[in-house]
Amino acid sequence: MAVFNVKNTCESTRTKLKEAIAKLELFLNSHALSQLNVENDPAMDEFYRGYLSDARHLLVFCEVAYEKIGVSLRRPNFNVDYAERTLYDVYHNCVSNFFYPKNECYSEDGRYAYTGQDAIRFRKKPSREVRDLTVELSKIFEELREDLSYYETDYITQKRMQGERV
């Protein structure tokens, strides 16, 4: 990939990560387990514990990636290899963790991806705040997934063909 393209991709990725971080921080700073599970339902307690855990992990992954991209963009000489490795990490740490959360509180249903309907399906019916946050984040992470699709498999294949260890 050309330096110009990689740099532009880093800038747009950083902007999208910043938006995701802001939404996650606002939600996590203003919602506690007891606020989400107002009925004290044990099954919903487990659901929200998993959801909050996944959201905290996602926030950390996004913050680390945001900082790494910032370092890449601030360097006096833009290092394409470092930037591409960072974009690869964004795809595999942030995008993948959003679409495949460890606790599986929600999943993406590809049948709805092209219908204009929300493709996110929840394991249990969540509160409006959880649903809204997840749908808002899904739009950001869908864009990142499209922008960074090269880093899903092609990047590694290219590096291996060049004889580099990844």
Side-chain angles (χ1 to χ4, degrees), residues 9-73 82-153 155-156 166:
T9 302
C10 281
E11 289 169 350
S12 69
T13 298
R14 193 164 191 258
T15 300
K16 290 171 184 150
L17 286 173
K18 184 177 183 177
E19 183 182 356
I21 289 166
K23 290 179 184 300
L24 282 162
E25 280 183 338
L26 179 65
F27 179 84
L28 290 170
N29 288 337
S30 56
H31 291 85
L33 184 60
S34 59
Q35 291 172 295
L36 295 171
N37 188 16
V38 290
E39 287 115 28
N40 291 321
D41 176 349
M44 289 308 290
D45 196 61
E46 178 187 343
F47 173 84
Y48 286 124
R49 281 180 196 279
Y51 184 88
L52 290 170
S53 175
D54 288 341
R56 287 189 293 271
H57 281 98
L58 181 62
L59 175 59
V60 170
F61 285 129
C62 289
E63 287 174 332
V64 168
Y66 179 83
E67 288 305 316
K68 285 174 106 176
I69 291 174
V71 166
S72 180
L73 292 169
Y82 177 81
E84 284 199 307
R85 180 60 203 204
T86 301
L87 292 172
Y88 171 86
D89 289 343
V90 170
Y91 188 93
H92 289 276
N93 293 334
C94 302
V95 174
S96 292
N97 275 300
F98 175 77
F99 286 108
Y100 304 102
K102 178 182 169 193
N103 292 293
E104 300 177 343
C105 294
Y106 62 86
S107 61
E108 181 183 35
D109 188 336
R111 295 175 293 186
Y112 292 94
Y114 304 103
T115 64
Q117 297 177 358
D118 295 329
I120 300 296
R121 297 290 173 247
F122 290 92
R123 188 165 34 104
K124 302 226 178 268
K125 185 172 173 51
S127 68
R128 169 66 58 194
E129 297 93 347
V130 166
R131 186 193 168 291
D132 290 349
L133 172 69
T134 309
V135 169
E136 288 172 23
L137 289 173
S138 74
K139 289 175 176 58
I140 296 168
F141 286 102
E142 280 173 24
E143 287 178 24
L144 283 169
R145 181 169 57 187
E146 287 174 26
D147 295 349
L148 303 176
S149 62
Y150 167 76
Y151 298 98
E152 182 180 13
T153 55
Y155 170 76
I156 291 297
V166 185

Mark yes or no for whether [X], through its side chain, and [Y], through its backbone, hold a donor-acceptor pair below 3.5 Å.
X    : Y    : value
T134 : V130 : yes
R123 : F47  : no
T86  : A65  : no
S138 : V135 : yes

Query raised in the report: What residues, two or more places apart in sequence or in another chain, satisfy ring-ring contact (aromatic ring centres under 6.0 Å, His included) together with F98?
Result: Y106, F141
Query - Which residues share a ring-ring contact (aromatic ring centres under 6.0 Å, His included) with Y66, sequence neighbours left out - result: none
Report task. Begin from the C-alpha positions of L144 and C94 and carry the test side chain to side chain contact (heavy atoms under 4.5 Å, CB included) through to its verdict. Result -> CA-CA 9 Å; L144 283 169; C94 302; 5.7 Å; no
Requested in this report: Would you check, one step at a time, whether the test side chain to side chain contact (heavy atoms under 4.5 Å, CB included) holds for N97 with D54?
Outcome: CA-CA 8 Å; N97 275 300; D54 288 341; over 6 Å; no
From [X] atom [atom1] to [Y] atom [atom2], the distance as rounded to the nearest 0.5 Å:
X    : Y    : atom1 : atom2 : result
L52  : C105 : CG    : SG    : 8.5 Å
L17  : L59  : CG    : CG    : 11.0 Å
F99  : S107 : CZ    : OG    : 11.5 Å
K68  : C10  : NZ    : SG    : 11.5 Å
E142 : L137 : CD    : CG    : 11.0 Å
T13  : I140 : OG1   : CD1   : 12.5 Å

**Report entry** side-chain hydrogen bond (donor to acceptor under 3.5 Å, both in side chains) partners of R56, counting only residues at least two apart
**Finding:** none
Closest heavy-atom pair and its distance - [X], [Y]:
X    : Y    : result
R131 : P126 : CB-CG, 4.1 Å
A43  : K124 : CB-CE, 3.7 Å
R14  : L73  : CD-CD1, 4.0 Å

Report task. Using distance alone, with no hydrogens and no angle criterion, decide if Y150 and T9 have a side-chain donor and acceptor under 3.5 Å apart. Result -> no
Query - Atom CZ of F122 with >12 non-hydrogen neighbours under 6.0 angstrom - result: yes
Query - CA sep, side-chain torsions, deciding dist, call: D89, V64, side chain to side chain contact (heavy atoms under 4.5 Å, CB included) - result: CA-CA 10 Å; D89 289 343; V64 168; over 6 Å; no
Query raised in the report: Tell me the salt bridge (Lys or Arg N to Asp or Glu O under 4.0 Å) pairs involving residues 17-33, sequence neighbours left out?
Result: K23-E136
**Report entry** With sequence neighbours excluded, residues passing side chain to side chain contact (heavy atoms under 4.5 Å, CB included) with E129
**Finding:** F27, H31, S127
Query raised in the report: Pairs in or reaching into residues 35-50: which pass side chain to side chain donor-acceptor pair (under 3.5 Å), with residues at least two apart or in two chains?
Result: D45-R49
